[in-house]
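One structure is given here, and the rest of the page talks about it.
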2 protein chains.
Amino acid sequence: MVAIIHDGENRAKLETILEAARKRIGTYGFEKTTMQEIAADLRISKATLYYYFPDKESLFSAVVESEMEEFFSLVRKMTQRLKRTDHMLQEYVSLRHDFFRTFVNLTRLRISNISQFNTQFRDLKTRLRREEAGLITGILRKGRETGQFSCSDEEGTALLFLEVLHGLRMVTAQNKPFPEISAEDFEAIAGKQRQFLQLFVKSLIK
Amino acid sequence: MVAIIHDGENRAKLETILEAARKRIGTYGFEKTTMQEIAADLRISKATLYYYFPDKESLFSAVVESEMEEFFSLVRKMTQRLKRTDHMLQEYVSLRHDFFRTFVNLTRLRISNISQFNTQFRDLKTRLRREEAGLITGILRKGRETGQFSCSDEEGTALLFLEVLHGLRMVTAQNKPFPEISAEDFEAIAGKQRQFLQLFVKSLIK
DNA sequence: TGTTTGACTATTTAATTTAACGGGTCAAAG
DNA sequence: CTTTGACCCGTTAAATTAAATAGTCAAACA
């Protein structure tokens, strides 16, 4: 049997591995998490890990993917629950912020090392980016259809929106040695993002 | 006589030193520019350099300061020339972009090394930041006074504006090895900043 | 007196070597 | 089908050493 097939009890084992990996990554980041450590946490051998995942990259990609899927799921539920599209954007920023708070170390992966990771990782990143842009585009479209927003080029606007959020995060967190993204920093990021959101919405409601 | 006093011909000598330092820094950045090299370019001894500037940090700060002053001067002239405040913002972004294009390597200074520089450098940075914020605040105020913009909290808005521009620059230039901020990257940054500017102005013209 | 310099030092940084570690494989066992 | 210990090899980290570099200063000079 091959690891890629997810059936029954095998699926459960994969889940426990993902969970262990997620904990390690969430605390120490990609670089500082070894396969040996994950195996030790699960009290299995490293070779067994390699029986379920062909390589480190695949395991880590799977972790990121599952985390992102959960985030997307929350977002979708939220968009169905809310009526006002400006509130959707607001909630989106809030959810995304919480998500990144628990997943910081993941983002701490050094750029230089990203390039070392095979195309697989880069592909995942761009896919998630696209998916995220799709969600925002959807909200903007809905805003236009319901007469709440006036916006031409929803796609371009959505990309700009995401890049500005990303940029504000970077600018604030930039010169922190390493684990030192403090609670205040997170609050500062949230504040700036809210301020931007206000401005953004204002530009849409014309 | 002490280097800090800038009179007559002494001033001229300081200028030539600043010019030589500026060239080196502009090409190789702070870290990779040595006092020896600057001295060699001027065909003077390193000790002479230290006669005019107490240390490397002071010389480099002086270079950055003079560059920034020139930029600010251009901006002020521009604001007096133009009537429409939205055009002022547009021109500001354009000027700033050109300025940073010629001064990239300066920004390449590693954050970790910035902290090594004494408070002096950090002070300069915050002072310039404040000055820049003042310029934008001025434009926003003028916009409100002339009825072109409606904006409460001009200061906060100005800071956000600058941080978003900075953020967009970072996000685009982030994962470039070193000297590889290509012309395309610069164009991409400019494009995103223009797009944001459009949105920003829209939110102000209510 | 103001300016320039070569020779010097003390610290940082870079280059070099060496040891440890981590990703990944595999034959064999359960 | 699943698990494992033992193994390999390339990368990284630690330790050691060599080279630069920021900064000083007494002496020369204009």
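Quick note on labels: first sequence line is chain A, next is B, and so on, each numbered from 1.
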Let me know the distance between CZ of B:F60 and P of D:dA22, rounded to the nearest Å. 7 Å
Selection from C:dT4, C:dG22, D:dT2 that lies nearest to any side-chain heavy atom of B:Y52: C:dT4
At under 4.0 Å between heavy atoms, what does A:T48 touch on the DNA or RNA strands: base, sugar-phosphate, or nothing? base
Under 4.0 angstrom between A:K32 side-chain N/O and C:dC21 OP1 or OP2: no
The answer to which of A:A47 and A:M35 contacts DNA chain C further toward the 5' end, by nearest nucleotide, is A:M35
Just one of A:E67, A:E70, A:E65 clears the salt bridge (Lys or Arg N to Asp or Glu O under 4.0 Å) bar with A:R22, so which one? A:E67
Contact class for B:S45 vs. all strands (heavy atom < 4.0 Å): base, sugar-phosphate, or nothing? base
Quick one: A:D55 CG to D:dG10 P, roughly how many Å, whole number? 17 Å
How many Å lie between CD on B:Q36 and P on D:dA22, as a whole number? 9 Å
Got A:E132 and A:Y92 here, is their nearest side-chain heavy-atom distance under 4.5 Å? yes
I want to check something: taking the side chain as every heavy atom from C-beta on, are A:L49 and A:L42 in contact at a cut-off of under 4.5 Å? yes
From CZ of B:F30 over to C1' of C:dT13, roughly how many Å is that when rounded to an integer? 19 Å
What is the separation between atom NZ on B:K56 and atom P on D:dG23, rounded to the nearest whole Å? 8 Å
N or O in side chain of B:Y51 less than 4.0 angstrom from C:dT4 OP1/OP2: no
Could you pick out which residue, A:Y50 or B:L49, lies toward the 5' side of DNA chain C when each is mapped onto its nearest nucleotide? B:L49
Taking CD from A:E31 and C1' from D:dA13, how many angstroms apart are they, rounded to a whole number? 13 Å
Sugar-phosphate only, base, or nothing, as touched by B:S58 at under 4.0 Å among non-hydrogen atoms: nothing
Using the ring centroid of each side chain, check whether B:F196 and A:F161 are separated by less than 6.0 Å. no
Nearest-Å distance for atom pair CG/P, residues A:L59 and C:dG24: 10 Å
Rounded to whole Å, how long is the line connecting atom OH of A:Y28 with atom P of C:dG22? 13 Å
Distance col, row A:R130:CZ vs A:K125:NZ, nearest 0.5 angstrom, shows 13.0 Å
Check: A:K46 side chain, C:dG22 base, donor-acceptor under 3.5 Å: no
